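Worth saying up front: this structure is predicted, and the values here are computed from it rather than measured.
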Amino acid sequence: MFSSKAKLEKVGFGRQGRFEYLQALVTEFQDTHKQEYKLQVLANLANFAYDPINYEFLRQLNVLDLFLDVIAEEKDEKMIEFAMGGICNCCVDTLNRDHLLSGDCLDLTIKCLSSPNEETVLSAMTTLVFLTTPETKKITTTGAVVGLMHQFASSTNVRLQNLATIFLQDHCQNSTG
C-alpha cells in the first residue's frame, strides 16, 4: 500500500495515473464480452479495493456499484467471489460503508453466506462484521443469519469458525440460534 497520494503519483502506471488506470479497467470490464477477461479485470478491481488510497477513485468510477451488480446478476461463482471480495476489501471505509448501506448490499451479502464458494462465504462474513452497526443490526442479526453463524462456528473449517465466533461475540451476545 502507498502511504500518501504524493508517493502514489511518483509510482504511477506508465503514462497513466492511478485514476486513469482504474477507469481503463472499468471500461474494459464493461466493454469485453469474454468471461475470462471480465473475471481477470474484476479480480484486479477487487485487489485495488484493498488499498485506502484507491477508495475515492473507486467511488468516482462507481466500482462499488459494479461489485453489487455482479453479485446481483452473475451466475458465475468466481465472479461473485471477486465482487464480494472487493466489497469486503473496501467496506471498512466510512464513505464506502455509507454508500454500500444505502443500497441492497446487506441483502446481497447475506445471500452470499449460502454460496458454495468458501471464499465468497468468508468475504460475506467479514463484510457483515464490518457493516453491522446499531442501525443495521435488525437486518444482520436475524434468526436466519445468526443460525448460519452458529453453524459456521461449529464447522471443522477454522476460518469459518473464527469469523463466525467474532460475528457472534461482537454482534449477537444476547442472540440465540
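Between Met125 atom CE and Ile166 atom CD1 the span is 8.5 Å, to the nearest 0.5 Å. Ile80 contributes atom CD1, which lies 7.5 Å from atom NZ of Lys75 (distance to the nearest 0.5 angstrom). Separation of atoms SG (Cys90) and CZ (Arg97) is listed at 12.5 Å; rounding is to 0.5 Å. Atom NZ of Lys38 is separated from atom CG of Asp76 by 11.0 Å, given to the nearest 0.5 angstrom. Note that CG of Asn96 and CD of Glu56 are 10.5 Å apart. Values are rounded to the nearest 0.5 Å. Separation of atoms CZ (Phe29) and CG (Asn44) is listed at 12.0 Å; rounding is to 0.5 Å.
Across every non-hydrogen atom of Ala153 and Ala164, the tightest pair is N-CB, 3.5 Å. The two atoms that bring Ile71 and Ala83 nearest to each other are CG1-CB, 3.7 Å, heavy atoms only. Closest approach of Leu113 to Val121, counting heavy atoms only: O-CG2, 3.6 Å. Shortest non-hydrogen contact noted between Ser123 and Gly85 is OG-CA, 3.6 Å. The two residues Gly86 and Ala49 make their nearest non-hydrogen contact at O-CB, 3.5 Å.
With contacts defined as side-chain heavy-atom distances shorter than 4.5 Å, the pair Arg159/Glu119 qualifies. Phe67 places a side-chain heavy atom less than 4.5 Å from the side chain of Leu42. Looking only at side-chain heavy atoms (C-beta outward), Leu45 and Phe82 stay at 4.5 Å or farther from each other.
Remark: the backbone N or O of Cys112 is not paired with any side-chain donor or acceptor of Ser115 at under 3.5 angstrom. Under the 3.5 Å distance criterion, the side-chain polar atoms of Asp104 are left unmatched by any main-chain donor or acceptor of Asp107. Formation of a donor-acceptor pair under 3.5 Å by the His171 side chain with backbone atoms of Val129 is found in this model. Judged by distance alone, the side chain of Thr32 and the main-chain N or O of Glu28 form no donor-acceptor pair under 3.5 Å. Between the side chain of Thr140 and the backbone N or O of Leu128, no donor-acceptor pair lies under 3.5 Å. At least one donor-acceptor pair under 3.5 Å links the side chain of Asn54 to the backbone N or O of Phe48.
Partner of Thr127 under the side chain to side chain contact (heavy atoms under 4.5 Å, CB included) criterion, out of Leu100, Thr109, Leu108: Thr109 alone. The one candidate from Leu131, Leu101, Leu106, Val145 that meets the side chain to side chain contact (heavy atoms under 4.5 Å, CB included) condition with Ile139 is Leu106.
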> Which is it for Ile110 and Thr142 under the side chain to side chain contact (heavy atoms under 4.5 Å, CB included) test, yes or no, and what are the steps along the way?
Replying inline: CA-CA 10 Å; Ile110 290 168; Thr142 62; 5.6 Å; no
> For Glu36 and Lys78, what are the C-alpha separation, side-chain angles and deciding distance, and is it a salt bridge (charged side-chain N to carboxylate O under 4.0 Å, His left out)?
Replying inline: CA-CA 10 Å; Glu36 65 187 272; Lys78 209 66 174 156; over 6 Å; no
>> Does His99 form a side chain to side chain contact (heavy atoms under 4.5 Å, CB included) with Asp65? I'd like the steps, not just the answer.
In response: CA-CA 9 Å; His99 179 79; Asp65 293 324; 2.9 Å; yes
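A donor atom on one side chain and an acceptor atom on the other are not found under 3.5 Å apart for Glu77 and Thr120.
Hydrophobic clustering, with ILVMFWY side chains joined whenever heavy atoms are under 4.5 angstrom apart, groups Val26 together with Met79. Hydrophobic clustering of Ile, Leu, Val, Met, Phe, Trp and Tyr side chains at less than 4.5 Å, counting indirect connections, keeps Phe130 apart from Leu64. Under a hydrophobic-cluster definition in which Ile, Leu, Val, Met, Phe, Trp and Tyr are linked whenever side-chain heavy atoms come within less than 4.5 Å, directly or via other members, Tyr21 and Leu66 are assigned to the same cluster. A continuous path of Ile, Leu, Val, Met, Phe, Trp and Tyr side chains, each step under 4.5 Å between heavy atoms, connects Phe167 with Leu148, placing both in one hydrophobic cluster. In the hydrophobic clustering of ILVMFWY residues, with side-chain heavy atoms under 4.5 Å counting as a link, Phe57 and Val92 come out apart.
Within 6.0 Å of CD on Gln40 lie no more than 12 heavy atoms contributed by other residues, nucleotides or ligands.
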